[in-house]
Amino acid sequence: MGTAINQRSFIVSCFACLVVVLLADSWCCGHPISGVQKPDPRIPSPQRVTFVLRDHPNAKTVALAGTFNNWNTQSTPMTRKGADWSVSINLAPDTYRYKFVVDKDRWTVDPKNSQTEDDGNGHINSVIVVSPKGLASNLGTKLSKLNRTSFHRRLDVGGYKLYINCEGRLRRGDPVVVVDAGLGNSSESWLGIQPKVAEFARVCIYDRAGVGNSDLSTHTQTSRQIAEDLHNLLARSGVDKSLVLVGHSFGGINVRMYASMYPKEVLGMVLVDSTHEEQGARADAVIPEEIKKQFPPSALVVTSAEKIDFKESFEQARKANWHADIPLVVLTASNSGPGGEGPLAFLAPKLEQIRQELQQDLVHRSTKGKQIVATRSGHFIHRDELQLVVDAIREVLDAARNHR
């Protein structure tokens with residue numbers, strides 16, 4: 001029995017020695033055994049990158065989405081600490097585009113990152129370049145194409161924060177161009193216009209409460225409240241109180257309300273297929289009662305995710321009855337009238353007549369009013385005939401300089 005045990009011990013010992021020798025031989029010759037990989041010093045290691053979205057205390061969830069996770073809104077959730085949200089991930093050296101997704105459906109850029117890029121589809125993304133540690137490397141990023149926003153942040157306007165994005169050099173004595181987008185549209189709908197206007201003026205686009213990068217309002221949203229919010233936002237941004245206001249659709253009512261409340265600040269205005277405060281009432285008056293009965297009550301009521309009280313907003317605009325003697329260009333789309341289908345198709349000519357009459361009324365709101373018809377445009381003139389809008393802004397800006 002003793003001999004057998006000694007033989008087994010000898011065999012085990014020899015096998016252990018053989019393994020040690022094989023391991024030593026494989027490593028000394030530069031060929032590790034299968035399953036053990038030696039790091040390649042030529043390949044830069046991934047870097048630990050932390051993304052932070054600040055000042056979102058009311059958000060229920062925030063996720064990080066970008067080119068690194070195929071814009072997946074669920075794969076990279078962020079963790080809240082106080083009012084801030086953050087997440088750290090490993091990224092190989094490269095250039096990445098990203099956004100934050102607030103409460104599953106509101107996409108926002110990183111207000112703390114001034115490096116952004118227009119994706120070519122009417123959206124702006126934040127951009128981060130991850131470089132290898134200790135290595136000089138050209139990652140192929142054409143940084144000259146990135147839009148280095150000169151002012152790009154969220155600011156408190158009274159218990160909630162609004163996003164503002166300003167471009168272009170401020171020339172001494174010149175008004176600043178400020179844009180209010182149409183209903184449900186964020187500032188991104190003006191990304192095509194902004195860089196062109198920035199070539200000759202300082203231009204600011206912003207998001208109303210509940211849209212784009214801005215928080216929900218703690219107030220009932222009306223045109224008066226929107227104008228007050230914008231006034232506070234511009235003051236916090238340090239924007240000079242000499243403005244040329246541009247309003248598209250519902251934004252047109254808002255900028256007229258702003259001019260009514262702060263007339264000394266507004267030196268010119270461009271209305272881009274603007275809504276008129278009498279438009280709803282005039283249209284409702286020509287729809288026969290028997291046809292109205294075919295629709296549920298909610299079908300003829302304008303609604304929006306912005307939770308705007310339109311009835312009150314229109315009433316505010318009627319009472320304000322804005323008139324002035326400032327340079328004004330009214331851009332009217334020739335192809336944005338009612339369509340020719342459905343129960344109201346027979347009313348299309350009448351509704352278009354009403355629209356044109358109200359556009360003429362807007363022209364006469366200023367002694368220096370002028371109308372330009374966008375013959376190739378639908379409701380979004382700044383998309384369909386971009387240069388027409390740019391030229392109108394330039395015209396009003398030049399006239400405002402002289403007027404001032």
Side-chain angles (χ1 to χ4, degrees), residues 51 53-66 71 73 78 85 97-127 147 149-167 177-195 197 203-219 221 223 225-227 229-230 232-234 236-237 239 245-252 254-255 272 303-308 380 382-383:
F51 294 83
L53 177 62
R54 302 190 184 282
D55 302 321
H56 275 70
N58 298 321
K60 295 180 176 61
T61 63
V62 178
L64 176 66
W71 297 101
T73 61
M78 301 178 72
W85 298 75
R97 282 78 181 165
Y98 70 96
K99 273 187 171 181
F100 302 114
V101 186
V102 180
D103 293 337
K104 298 182 180 180
D105 62 1
R106 187 158 60 86
W107 293 70
T108 173
V109 293
D110 185 347
K112 299 298 182 182
N113 181 0
S114 64
Q115 189 163 270
T116 61
E117 185 180 57
D118 186 338
D119 69 357
N121 295 312
H123 303 289
I124 190 171
N125 297 320
S126 295
V127 179
N147 174 24
T149 310
S150 51
F151 191 89
H152 160 86
R153 63 189 65 175
R154 285 161 35 92
L155 297 169
D156 191 281
V157 296
Y160 49 98
K161 294 191 175 185
L162 301 186
Y163 169 80
I164 187 168
N165 174 340
C166 298
E167 294 290 344
V177 178
V178 177
V179 181
D180 197 327
L183 181 65
N185 299 140
S186 73
S187 56
E188 290 191 344
S189 64
W190 285 84
L191 288 177
I193 295 285
Q194 188 185 32
V197 175
V203 53
C204 299
I205 56 180
Y206 87 106
D207 291 333
R208 292 188 298 270
V211 176
N213 306 302
S214 294
D215 293 338
L216 291 170
S217 175
T218 57
H219 307 284
Q221 284 292 81
S223 284
Q225 182 62 53
I226 289 168
D229 283 352
L230 178 57
N232 291 337
L233 179 63
L234 295 177
R236 291 294 311 277
S237 305
V239 174
L245 297 181
V246 181
H248 170 238
S249 193
F250 178 68
N254 299 334
V255 299
V272 184
T303 59
S304 166
E306 296 183 57
K307 299 180 179 179
I308 294 171
F380 288 82
H382 49 295
R383 179 189 61 199

Legend entry - Spacing of D180 atom CG and S187 atom OG [to the nearest 0.5 Å]: 10.5 Å
Legend entry - Point-to-point distance, once rounded to the nearest 0.5 Å, from CH2 of W107 to CD of E188: 11.0 Å
Legend entry - N232 side, atom CG; L162 side, atom CG - distance, nearest 0.5 Å: 9.0 Å
Inset, instruction - Verify, without hydrogens or angle tests, whether Q225 (side chain) and S217 (backbone) share a donor-acceptor contact under 3.5 angstrom. - result: no
Inset, instruction - Heavy atoms only: give me the nearest G212-S186 pair and the separation to one decimal. - result: CA-CB, 4.0 Å
Legend entry - For Q221 against K307, the heavy-atom pair lying closest together: CB-O, 3.6 Å
Legend entry - Side-chain heavy atoms of I226 within contact of I308, under 4.5 Å: yes
Legend entry - Partner set under side chain to side chain contact (heavy atoms under 4.5 Å, CB included) for R236, not counting sequence neighbours: L155, D156
Inset, instruction - Please state whether the rings of W190 and H248 are parallel, tilted or perpendicular, taking 30° and 60° as the class boundaries. - result: perpendicular
Legend entry - Residue list, ring pair (Phe, Tyr, Trp, His ring centres under 6.0 Å) with Y206, at least two apart or on another chain: none
Inset, instruction - List the atom of A65, the atom of V101, and the distance in Å for their closest heavy-atom pair. - result: CB-CG2, 4.1 Å
Inset, instruction - Verify, without hydrogens or angle tests, whether R153 (side chain) and S237 (backbone) share a donor-acceptor contact under 3.5 angstrom. - result: no
Inset, instruction - Give, for atom SG of C166 and atom CD of Q194, the distance between the pair rounded to the nearest 0.5 Å. - result: 7.5 Å
Inset, instruction - Measure the OG-CG distance between S214 and D229 for me, rounded to the nearest 0.5 Å. - result: 9.0 Å
Inset, instruction - Just say parallel, tilted or perpendicular for the rings of Y98 and F100, cut-offs at 30° and 60°. - result: perpendicular
Legend entry - Nearest non-hydrogen partners of V109 and K99, listed with the distance: CG1-CE, 3.8 Å
Legend entry - Under 3.5 Å: donor-acceptor pair, side chain of S126, backbone of D110: yes
Legend entry - H382 side chain vs F380 backbone, donor-acceptor pair below 3.5 Å: no
Inset, instruction - Return yes if some donor-acceptor pair links the side-chain N/O of E167 with the main-chain N/O of V203 below 3.5 Å, else return no. - result: no
Legend entry - Closest non-hydrogen atom pair, D103 against A59: OD1-C, 3.7 Å
Legend entry - Side chain to side chain, V246 and V197, heavy atoms closer than 4.5 Å: no
Legend entry - Backbone N/O of V127 and side chain of N113: donor-acceptor pair under 3.5 Å: yes
Inset, instruction - Find out whether K104 and T73 are in side-chain contact, i.e. whether some heavy atom of one side chain is under 4.5 Å from a heavy atom of the other. - result: no
Inset, instruction - Applying side chain to side chain donor-acceptor pair (under 3.5 Å) between R154 and each of D215, N213, D207, report the one that passes. - result: D215
Legend entry - ring pair (Phe, Tyr, Trp, His ring centres under 6.0 Å) partners for Y160, two or more places apart: H219
Inset, instruction - Going by the side-chain contact (heavy atoms from CB on, under 4.5 Å) test, name the single residue among N254, I164, V178 that passes it with L230. - result: V178
